[in-house]
Every structure is written in structure tokens, then in C-alpha cells.
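Just so it is clear, the structure is predicted and the values come from calculations on it, not from any experiment.
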Amino acid sequence: MEPIASGRAVNSAGEGNVELAYEVYGDAGDPPIVLVNGLGNQMIHYDTGFVAALVERGLRPIRFDNRDTGRSTWIDAKVDFNGAFSAWRAGEAVEGAPYDLSDLAADTVAVLDAVGVERAHVFGMSMGGMIAQQVAIDHPDRVLSLISVMSTTGEPEYGKASKEAFGVLTAAPPRTAEEAGDAALAAAKVIGSPAHLDEAWLRARAVEAFERASNPKGIARQLVAIYATGSRAAGLAGLKVPTCVIHGALDPLVGPDGGRRTAELVPDAELHMIDGMGHDLPPGLWGTIGDLVAAHVARSSA
């Protein structure tokens, strides 16, 4: 599947311009849905197969690279990950973050501006779900609806990772494309959806991402951005946009109570717990997630 448009958006707020590579798919007349990526993920992690599933359901997907990933701007700043994590867990202010989730939310809005979309359905997975929530909190006038997937609220007591899953998050980065494939498979065996493990697909995607753009230091900065932002509980409780929360019942990286807590806070949110789903979006779940998203969009548009 080929995009109908591509380019680079610019967020000029803050210190220096941040450029964001994006692609648009589907029919220009269909409802737009912007796909916000998770930690360290590039736009290609929203596989064109998943994008096609959304297009087939009458949507116009927009995917993009977050800052510090892919072909978007990489930030030149050192961060103290361990100090940020400790402060967040203790409920203290996190110092030294070069940006936070509100900045990443503003990046998302800059992409909508570049595409010429006034309002969109905002879909995000994991950290992308956190950013999507922040878009709805900071820019509700730009949001048709919110779809928060395998995410949480920023409250330390919810969505905790298992020890093994946190080990995947903090593992040493791969040095070669082959190592990237091995790491992706190893990670999937810990945090993925067991019934949908597709080794060939995982390896191919990991190699493609490594060869396209590998920026391990950006992952640390994105994690610090999460901790620096802290809890979104009050903002979520005040939302007035149609909201769909999707979470894997087997998710060990962002515990299922992160999704339940999100749905509990957002007024009138719908919650879908997916049996057999971990912390990933493999081909075997594209149809399931696509159907849930399409149904939610239809309800929110009625």
C-alpha cells in the first residue's frame, strides 16, 4: 500500500524546530485517524497491513515518526534515566527532561496541521496512548475521539511492568540488524501475544526498523519524558471526548489495570480487554483491533 501524501511537519514551539516525518493513507474524504507510536517505535511499526485494515474499514490513517525516532528530529541532550525513574516512583518532580508528553502531543498536532486536518480520531499504543491522552487533554478541540491502547494514566500504582518485562524495556540495544531481529523475537516471547507469535514477521520488521533509523539514546529521552509528565489522572477525569480503551488481558509490560484505570477515569469511556493479547500488535490481531476502532468511530460520529 502506498501513501496518498507524505512530508515533514514542523513544530516550532519551544527551543528550535522539531521536524516530523509523516505519511497519509486511504481516501481523502474518509475520517482521519492519527496513529501515535510507542516507546522508540517508528511509523513503520504501524505495519502497512494494519494501516490497510483501517483503510478497508473506511478510515484515513496518518502515521508519523515521533521526535527522537525514525526520520524525525533527534534531540541532542543527555538524561538521567535512573534518577528520573526514582523521582517518578517517589512522587517527586523529575528534573532535566528535554521534553515531556505535552511536547509530543504538540508534535502530533503539528502533523495534523501539516496534513490539513482540523480534527482527528487519535489512536495511540503504549507510550503512544499516553501521548494520545495528552493530545485530548491539551488540545480537545483537535480530537474527534480518543483510542488508548495498552496504555496507562501516569499514576505509578497502575500499569506496572513485571520484572521480566521491565528487563526487556531496559535491555542493551542491538548493534546489528541481525541482533535487532533476535532481540525482537526474544522480547515478543516475554511481552507479546503467545497465540500470535510470527517469527518471520517480527524479524523482518525489526531489521527494517534498524536499517531505517536506530536511535537508542532517543528511547531514554522518551522514557524520561513519560516520568517528567507524571500523572494524567486529573486531566483524564475532565475529558469530554468519546474514548475507547483497549488492553491486552496478558499484558506484562503495562499491566491490564492501567487500561482499566484509564477507562475508570474518563467519563463514559468504553473498555475492551482482549483475551490472549500481550503488549504488541501482531498480524493476528489487526482485524480484531480494526473492528473495534471502526465501531468506536461509527459510534462517536453518530
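With salt bridges taken as basic N to acidic carboxylate O contacts below 4.0 Å, one links Glu264 and Arg261. Electrostatic pairing of Arg119 and Asp141 does not count as a salt bridge here, judged by no charged N lying under 4.0 Å from a carboxylate O.
The salt bridge (charged side-chain N to carboxylate O under 4.0 Å, His left out) test applied to Glu164 returns no partner, not counting sequence neighbours. Asp68 meets the salt bridge (charged side-chain N to carboxylate O under 4.0 Å, His left out) test with Arg221; sequence neighbours excluded.
Between the side chain of Asn37 and the backbone N or O of Gly40, no donor-acceptor pair lies under 3.5 Å. Looking only at distances, a side-chain donor or acceptor of Arg142 sits under 3.5 Å from a matching main-chain atom of Glu118. A distance-only check finds a donor-acceptor pair linking the side chain of Ser162 to the backbone of Ala165 [under 3.5 Å]. In this structure, His121 contributes its side chain and Val293 its backbone to no donor-acceptor pair below 3.5 Å. In this structure a side-chain-to-backbone donor-acceptor pair under 3.5 Å is missing from Ser214 to Arg212. A donor-acceptor pair is defined here as one N or O able to donate and one able to accept, closer than 3.5 Å; such a pair exists between the side chain of Arg60 and the backbone of Asp30. A donor-acceptor distance shorter than 3.5 angstrom exists from the side chain of Trp74 to the backbone of Gly70, with no hydrogens or angles considered.
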Walk me through whether Asp291 and Arg57 qualify under salt bridge (charged side-chain N to carboxylate O under 4.0 Å, His left out). CA-CA 8 Å; Asp291 287 345; Arg57 287 161 175 78; 2.8 Å; yes
_Candidate pair Arg203 and Glu199, rule side-chain contact (heavy atoms from CB on, under 4.5 Å), full reasoning_ = CA-CA 6 Å; Arg203 286 187 178 278; Glu199 180 174 345; 3.2 Å; yes
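Connection of Trp286 to Leu292 is established within a shared hydrophobic cluster, with ILVMFWY side chains joined at heavy-atom distances below 4.5 Å, either directly or through further cluster members.
Ring centers of Phe85 and Phe166: under 6.0 Å apart, within the cut-off.
A 4.5 Å side-chain heavy-atom check between Tyr25 and Met1 finds at least one atom pair inside the cut-off. Side-chain contact between Ile44 and Arg205: absent, with no pair of heavy atoms (C-beta onward) separated by less than 4.5 Å.
Here the straight-line distance linking atom OG of Ser72 with atom CG of Asp107 works out to 8.0 Å at 0.5 Å rounding. To the nearest 0.5 Å, the span separating CG on Leu104 from CZ on Arg67 amounts to 5.5 Å.
Under a cut-off of 6.0 angstrom, the local environment of CZ in Arg175 is sparse, with at most 12 non-hydrogen atoms contributed by other residues, nucleotides or ligands.
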